[in-house]
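Report on one structure; see the data block that follows.
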Amino acid sequence: MYSSNSSNQGCSGARLGLAALVAVIAIVGYFRNSSVNPVTGAKQHVSISADQEIALGLQAAPEMLQQYGGEDPDPNDVALVSSVGEELRSKSDAGTTSYKFVFHCLADDHTINAFALPGGQVFITRALLHKLKTRGQLAGVLGHEMGHVAARHGAQQMAKQQLTQGLTGAAVIATYDSRNSQSRAAMAMMVAQLVNLKYSRDDESEADKLGVRFMSQSGYDPRAMLGVMDVLKAEGGSGSAEFFQTHPNPDHRMERIKSNIAERFPRGVPAGMRP
């Protein structure tokens, strides 16, 4: 009996030691890679360069196009998206980054969506484009997505995933038991997903703030972004569980956007800005 207990204690100690080592490596690797974002001024933990982000975006763009039916066949739609996007790139702080922004209008006329890949590939579906009423609203959508790129949210998420995977692995090693190891691993993964969900919502709020900044720098009335929120609400965004997985409630976003506008223009939005 004594020999068996000693052996079990030894295995337990070895597991804890290995788990601690894995956790330390993950944490040190995460915090070692840090830099200050020139657009947001925030200290970030990222593990890839801007050039690598651009390369990743270029590699993933064809798959995104395929998922949404390819490029919009209407040249007027394509020209409109490209024109507004280029205005934002050339007249706002987004253009001071290293990213090569390319704007795509997707042929999908059923899915209300817009998104960006790391490095500057920006997409909007035909379905969403046709719901927007002004160039300013389009500038709000594209500015928001460009905000994700400029803030390096994709690179941050990749770094966080690497950290999460390392800590999850450490938790599984430390608590391993042949009878319940699968359930414990599943629990650790659920916790990891909840943490990443919170970051995603924070990213959305920061992208809204940057969208207000970019569109106003380009001469568009930032209040047009509130019209975009009305579109999302009308299309059922506030009642969609899938929508809430990556976006805050449109009503909450509207309040934050109003605060962002007031912060940028404490004396009110100047007259003459384009709607």
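As a basis for the values below, the full set of heavy atoms in this structure was taken, side chains included, without hydrogen atoms, waters or symmetry mates.
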**Asked** Which distance, rounded to the nearest 0.5 Å, do you find between the OG of Ser218 and the CG of Asp93?
**Response** 9.5 Å
**Item:** Gap between atom CD of Glu235 and atom OG1 of Thr111 - 0.5 Å precision
**Value:** 11.5 Å
**For Gly136 against Met215, the heavy-atom pair lying closest together** = O-CE, 3.3 Å
**Interatomic distance, Arg135 atom CZ to Ser83 atom OG [nearest 0.5 angstrom]** = 4.0 Å
**Message:** Looking at Glu86 and Arg89, is any side-chain nitrogen of the basic one under 4.0 Å from a carboxylate oxygen of the acidic one?
**Reply:** yes
**Asked** Given the rule in the side chain to side chain contact (heavy atoms under 4.5 Å, CB included) test, do Phe214 and Val39 qualify, once you have shown the distances and angles that lead to the verdict?
**Response** CA-CA 11 Å; Phe214 294 161; Val39 174; 4.1 Å; yes
**Request:** May I ask you to list the residues sharing a hydrophobic cluster with Val102, side-chain cutoff 4.5 Å, ordered by chain and number?
**Result:** none
Side-chain donor-acceptor pairs of residues 66-73 under 3.5 Å, sequence neighbours excluded:
{"residue": "Gln67", "atom": "NE2", "partner": "Glu63", "partner atom": "OE2", "Å": "3.4"}
{"residue": "Tyr68", "atom": "OH", "partner": "Asn113", "partner atom": "ND2", "Å": "3.1"}
{"residue": "Glu71", "atom": "OE2", "partner": "His104", "partner atom": "ND1", "Å": "2.7"}
{"residue": "Asp72", "atom": "OD1", "partner": "Asp74", "partner atom": "N", "Å": "2.9"}
{"residue": "Asp72", "atom": "OD1", "partner": "Arg126", "partner atom": "NH1", "Å": "2.9"}
{"residue": "Asp72", "atom": "OD2", "partner": "Arg126", "partner atom": "NH1", "Å": "3.4"}

**Request:** To the nearest 0.5 angstrom, please state how far the NE2 atom of His130 sits from the CD1 atom of Ile112.
**Result:** 10.5 Å
**Complete:** Rounded to the nearest 0.5 Å, the CG atom of Leu129 sits from the CG atom of Leu138 at a distance of 6.0 Å
**Message:** Is it the case that the side chains of Thr40 and Arg152 hold a donor-acceptor pair, with the cut-off being a distance below 3.5 Å and no angle test?
**Reply:** no
**Message:** With rounding to the nearest 0.5 angstrom, report the CG to CZ distance, Asp208 to Arg253.
**Reply:** 4.0 Å
For residues 261-273, tabulate all N or O donor-acceptor pairs below 3.5 Å that involve a side-chain atom, not counting sequence neighbours.
{"residue": "Arg264", "atom": "NE", "partner": "Ser216", "partner atom": "OG", "Å": "2.9"}

**Request:** List the atom of Val141, the atom of Ala114, and the distance in Å for their closest heavy-atom pair.
**Result:** CG1-CB, 3.6 Å
**Asked** What orientation do Phe103 and Phe101 show, parallel under 30°, tilted 30 to 60°, or perpendicular over 60°?
**Response** parallel
**Message:** Here's a test for you: under side chain to side chain contact (heavy atoms under 4.5 Å, CB included), which of Lys258, His144, Arg256, Met225 qualifies with Val212?
**Reply:** Met225
**Item:** Atom of Ile54, atom of Ser98 and distance for their closest heavy-atom approach
**Value:** CD1-O, 3.5 Å
